[in-house]
Enquirer: 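Dropping the structure in here first, questions after.
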2 protein chains.
Amino acid sequence: MGTDTDTAKPATRIQREKQEAILEAALDVFSQYGFRGSTIDQIAEAAGMSKPNLLYYFKSKEDIHAPLLARILDTWLQPLRELDAHGDPLPEIQSYIRRKLEMSRDFPRESRLFANEMLRGAPGFHGVLHTDLKKLVDEKAEVIRSWMAQGKIVKCDPYHLIFSIWATTQHYADFDIQVRAVLGKERGGEGRFEDAARFLDQLFLHGLKPKN
Amino acid sequence: MGTDTDTAKPATRIQREKQEAILEAALDVFSQYGFRGSTIDQIAEAAGMSKPNLLYYFKSKEDIHAPLLARILDTWLQPLRELDAHGDPLPEIQSYIRRKLEMSRDFPRESRLFANEMLRGAPGFHGVLHTDLKKLVDEKAEVIRSWMAQGKIVKCDPYHLIFSIWATTQHYADFDIQVRAVLGKERGGEGRFEDAARFLDQLFLHGLKPKN
DNA sequence: AAATTTTTTGACCGATTGGAAAAATTCTAG
DNA sequence: CTAGAATTTTTCCAATCGGTCAAAAAATTT
C-alpha cells in the first residue's frame with residue numbers, strides 16, 4: 001500500500017523547492033566524494049541551510065542519497081530503451097552513442113554519482129542490476145543480435161558492444177579531469193565533446209559496418 | 001636534499017613487510033570508498049593491527065594514500081610506454097589493448113583507486129596530469145598520427161583513440177559489478193575477459209584497419 | 001489580530017574520526 | 001643475562017560525524 005513517504009505528501013511548492021535544492025547540493029557532494037566520503041554538513045552548506053534544517057526535509061543521509069540513485073538509473077538507461085529494433089541498425093547505434101555522450105556532457109555529476117556507486121559495489125542498487133538492468137540489456141542485446149543475423153552489422157558480442165559504448169561515453173564525464181588535462185587548454189574546451197562524437201562515430205560505425 | 005622519509009630509511013625486512021601489508025589493506029579500502037570515505041581503523045583492521053600500530057608505520061592517512069597513488073600512475077601508464085613506434089601499428093595497438101585489459105583483470109583494485117581519485121578531481125595527482133601524463137600521451141599520439149600519415153591505420157583523433165582504449169578496458173575493473181550482473185552467472189565468470197578481449201580486438205582492429 | 005501550523009535555529013548527544021603520548025612489550029646486540 | 005632499540009598496546013584527546021529535541025521564528029489560516 002506504499003510507504004509513509006507517499007501517503008504523507010501534500011508537498012507545498014516551498015517544500016518541493018527546498019527538497020530540490022537539497023538534492024541538487026547532494027548531487028554535487030555525493031558525486032565527488034561518494035556516500036561515505038560525504039557529510040550532511042557539507043551538503044547542508046552547499047544547499048545554503050543548516051544541518052538540522054536539512055534533516056527536517058530528509059531524515060537521514062541515506063534518504064537523500066537513495067532518491068538520487070533511483071532517479072539516475074532510470075535516466076541513465078533511457079537512451080538504451082530508445083534503441084529501436086525496427087530502425088536502421090547503424091543510425092540507431094550512432095544516435096544511441098550520441099545520446100549517451102550528450103548525457104555525459106550535460107549530466108556529468110549524475111555519471112560520477114553512478115560511477116561512485118559502482119566502485120563501492122553498488123549496494124544502493126541492491127538487486128536492480130540483476131533484474132531491471134539485466135532484463136533491459138538482455139532485450140537490447142537480442143535486438144542487436146538480430147541485426148547481426150540479418151547481416152546489417154558485423155557479428156560481435158552485443159553485450160560487450162553495449163559495455164564499450166557505456167565505457168567510452170561515460171569516460172568523458174567520469175574522467176573529465178584527466179581528459180581535459182591531456183587535451184590541454186586549446187583542445188580541452190567544450191569542443192572536446194564534438195571531437196569525441198566524431199571519433200566514436202568513426203570507431204563504432206567503421207568497426208561495425210559489414211564489409212559487403 | 002630529499003625529505004626525512006628517504007633519509008631515515010634503513011627499513012628492516014620486517015618493517016617493509018608490515019608497510020607492504022598496510023598498503024595492501026589500504027588498497028582494498030581506498031579503492032572501494034575513496035580517500036575521504038575510508039577510515040584508518042578500517043585499514044588497520046584489514047591489515048590485522050591496531051590503529052596506533054598502523055600509525056607507527058605511516059604517520060597519517062595521507063601518507064598511506066600518497067604512495068599508493070604514486071605507484072599506480074606509474075604502473076598504469078607502463079603499457080602505453082611500451083607502445084613501440086617502430087613496431088607494426090595494428091599489432092602494437094592490439095597488444096596495448098590486451099595489456100591494458102590484463103591490468104584490469106589482474107589489478108582491479110588499482111584501477112578503482114585510480115577511478116576514485118579521478119572522480120573527486122584528482123587532488124592527489126596535483127600537477128602530474130598536466131605534465132608527465134600529458135607529455136607521454138602527446139608523444140604516443142604523435143606516434144599514432146605518424147602511423148595514420150603512413151596509411152597504416154585509418155585516420156582519426158589519436159587522443160580520443162587512446163581515451164577509448166582506456167575507457168573500454170578499465171570499464172571491466174571499475175564497473176565489474178555491473179558487468180557481472182548483466183552477463184549473468186554463466187557468461188560472467190572469468191571467461192568474460194577473454195570475451196572482452198575478443199570483442200575489443202574486433203572493434204578496434206576492424207575499426208582502424210585501412211580499407212585498401 | 002489571534003490561533004495554528006510550518007520552518008528554522010541552537011544546543012546538545014553518543015559514536016566515530018584522525019591522531020598524540022606514553023607505558024608496556026618484544027626483539028636484538030653485546 | 002642485560003642494556004638498548006624497535007614494536008605494540010593502552011589510554012586519551014579534540015574534532016567531526018549522523019542525528020535528536022525543544023524552543024524560537026515565520027508563514028499560514030481563522
Side-chain angles (χ1 to χ4, degrees), chain A residues 4-30 32-69 116 120 123-124, chain B residues 3-30 32-69 116-117 120 123-124:
Chain A
D4 49 353
T5 55
D6 51 23
T7 60
K9 241 183 192 174
T12 83
R13 191 170 50 80
I14 287 183
Q15 277 178 326
R16 233 175 297 133
E17 279 177 7
K18 292 263 177 176
Q19 285 180 357
E20 200 48 51
I22 292 171
L23 290 175
E24 168 73 16
L27 180 56
D28 256 354
V29 178
F30 281 139
Q32 275 189 66
Y33 303 107
F35 181 76
R36 293 199 33 177
S38 303
T39 71
I40 298 183
D41 291 275
Q42 223 180 332
I43 297 169
E45 193 192 337
M49 61 182 75
S50 67
K51 176 170 62 174
N53 194 13
L54 181 149
L55 286 166
Y56 170 73
Y57 291 100
F58 292 88
K59 62 173 182 263
S60 76
K61 193 177 167 184
E62 275 219 23
D63 279 4
I64 318 172
H65 195 243
L68 285 176
L69 283 190
N116 252 310
R120 62 168 187 150
Chain B
T3 67
D4 50 350
T5 53
D6 51 22
T7 61
K9 241 183 191 171
T12 83
R13 191 169 51 79
I14 286 182
Q15 276 177 326
R16 232 174 298 134
E17 280 177 7
K18 291 263 177 174
Q19 285 180 357
E20 200 48 50
I22 292 171
L23 290 175
E24 168 73 17
L27 180 57
D28 257 354
V29 178
F30 281 139
Q32 276 188 68
Y33 303 108
F35 181 76
R36 293 199 34 177
S38 303
T39 70
I40 299 184
D41 291 275
Q42 223 180 332
I43 298 169
E45 193 192 338
M49 62 181 75
S50 66
K51 174 172 64 174
N53 193 13
L54 180 148
L55 285 167
Y56 170 74
Y57 291 101
F58 293 88
K59 63 173 180 265
S60 77
K61 194 177 169 184
E62 274 220 25
D63 279 5
I64 318 172
H65 194 244
L68 285 175
L69 282 191
N116 253 310
E117 192 59 21
R120 64 169 186 147

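Below, read A as the first sequence line, B as the second, and so on, with proteins coming before strands; counting in each chain starts at 1. Predicted model only: the values in this text are computed from it and were never measured.
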Enquirer: Could you tell me how far apart B/Tyr57 (OH) and C/dG19 (P) are, to the nearest whole angstrom?
Expert: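 After rounding, the reported distance stands at 18 Å.
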
Enquirer: Within a strict 4.5 Å, meaning less than it, do heavy atoms of the B/Lys18 and B/Tyr56 side chains meet?
Expert: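 SC-SC contact between B/Lys18 and B/Tyr56 ruled out.
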
Enquirer: Please compare A/Lys61 and B/Ser50 by the position of their nearest nucleotide in DNA chain D and report the one closer to 5'.
Expert: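 Upstream on the strand: B/Ser50.
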
Enquirer: How many Å lie between CE on A/Met49 and P on C/dT6, as a whole number?
Expert: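 Going from A/Met49 (CE) to C/dT6 (P), I get 18 Å.
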
Enquirer: So, using ring-ring contact (aromatic ring centres under 6.0 Å, His included) as the criterion, who are the partners of B/Phe35 when residues are at least two apart?
Expert: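 With neighbours one apart ignored, the set is B/Phe30, B/His65.
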
Enquirer: Which heavy atom of A/Glu62 sits nearest to which heavy atom of A/Pro67, and what is that distance?
Expert: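 Result for this residue pair: O-CD, 4.3 Å.
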
Enquirer: With the side chain of A/Ser60 defined as its heavy atoms from C-beta on, choose the nearest nucleotide among C/dT7, D/dT8, D/dG19.
Expert: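 Of all the options, the side chain of A/Ser60 is nearest to D/dG19.
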
Enquirer: Looking only at side-chain N and O atoms, does B/Lys59 come under 4.0 Å of OP1 or OP2 in C/dG18?
Expert: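 Answer no for this pair, as no side-chain N or O of B/Lys59 is under 4.0 Å from OP1 or OP2.
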
Enquirer: Would you tabulate the nitrogen or oxygen pairs shorter than 3.5 Å linking the protein to nucleotides 22-28 of chain D?
Expert:
none

Enquirer: Once you round it to whole Å, what is the distance between C1' of C/dT17 and CD1 of B/Ile43?
Expert: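 Atom CD1 in B/Ile43 sits about 12 Å away from atom C1' in C/dT17.
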
Enquirer: Counting any heavy atom closer than 4.0 Å, what does B/Ile40 reach on the DNA or RNA strands: base, sugar-phosphate only, or nothing?
Expert: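 Sugar-phosphate, backbone atoms only, no base.
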
Enquirer: How far apart are the closest heavy atoms of B/Leu68 and B/Ile64, and which atoms are they?
Expert: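 Shortest heavy-atom contact: CG-O, 3.6 Å.
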
Enquirer: Which residues pass the side chain to side chain donor-acceptor pair (under 3.5 Å) test with B/Glu20, not counting sequence neighbours?
Expert: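 With neighbours one apart ignored, the set is B/Arg71.
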
Enquirer: Please determine whether a side-chain nitrogen or oxygen atom of B/Tyr56 lies at a distance below 4.0 Å from atom OP1 or OP2 of D/dT9.
Expert: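 No.
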
Enquirer: Taking the axis from the first five pairs and the axis from the last five, what angle separates them in the helix from C/dA1-D/dT30 to C/dG30-D/dC1, rounded to 10 degrees?
Expert: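 The two end axes of the helix from C/dA1-D/dT30 to C/dG30-D/dC1 meet at 10°.
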
Enquirer: May I have the distance from A/Glu17 (atom CD) to C/dT8 (atom P), rounded to whole angstrom?
Expert: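 In whole Å, C/dT8 P and A/Glu17 CD are 11 Å from each other.
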
Enquirer: Measuring only between side-chain heavy atoms, which start at C-beta, is B/Phe58 closer than 4.5 Å to B/Leu23?
Expert: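 Yes. Closest side-chain heavy atoms under 4.5 Å.
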
Enquirer: Quick check: closest heavy atoms across B/Leu69 and B/Gly124, and the distance to 0.1 Å?
Expert: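 So the minimum-distance heavy-atom pair works out to CD1-CA, 3.7 Å.
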
Enquirer: Measuring to OP1 and OP2 of C/dT7, would you say a side-chain N or O of A/Asn53 lies under 4.0 angstrom away?
Expert: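 Indeed not, no polar side-chain atom of A/Asn53 lies that close.
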
Enquirer: With sequence neighbours excluded, what pairs up with B/Arg36 under the salt bridge (charged side-chain N to carboxylate O under 4.0 Å, His left out) test?
Expert: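 B/Arg36 satisfies salt bridge (charged side-chain N to carboxylate O under 4.0 Å, His left out) with no residue once adjacent residues are dropped.
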
Enquirer: To the nearest Å, give me how far apart CD (B/Glu45) and P (D/dT9) are.
Expert: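 Spelled out: CD on B/Glu45 to P on D/dT9 is 14 Å.
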
Enquirer: Taking all atoms of both residues into account, what is the closest heavy-atom pair of B/Gly37 and B/Gln42, and its distance?
Expert: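 B/Gly37 and B/Gln42 have their closest heavy atoms at O-OE1, 4.0 Å.
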
Enquirer: Could you name each residue pair satisfying salt bridge (charged side-chain N to carboxylate O under 4.0 Å, His left out) that touches residues 21-30 of chain B, not counting sequence neighbours?
Expert: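 Of all non-adjacent pairs touching residues 21-30 of chain B, those that pass salt bridge (charged side-chain N to carboxylate O under 4.0 Å, His left out) are B/Glu24-B/Arg109, B/Asp28-B/Arg109.
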
Enquirer: Please classify the nucleic acid contact of B/Phe58 as base, sugar-phosphate, or nothing, using heavy-atom distances under 4.0 Å.
Expert: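 It contacts nothing in the nucleic acid.
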
Enquirer: Rounded to whole angstroms, how far apart are CG on B/Leu55 and C1' on D/dC12?
Expert: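 To the nearest whole Å, that distance equals 14 Å.
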
Enquirer: For B/Gln15 and D/dT7, is the shortest distance between a side-chain N/O and OP1 or OP2 below 4.0 Å?
Expert: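 For D/dT7, OP1/OP2 do have a side-chain N/O of B/Gln15 under 4.0 Å.
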
Enquirer: Between the protein and nucleotides 11-16 of chain C, which nitrogen or oxygen pairs come in under 3.5 angstrom?
Expert:
none

Enquirer: With a 3.5 Å cut-off and sequence neighbours excluded, list the donor-acceptor pairs that the side chains of residues 45-55 of chain B form with protein atoms.
Expert:
unit_1  : atom_1 : unit_2  : atom_2 : d
B/Ser50 : OG     : B/Asn53 : N      : 3.4

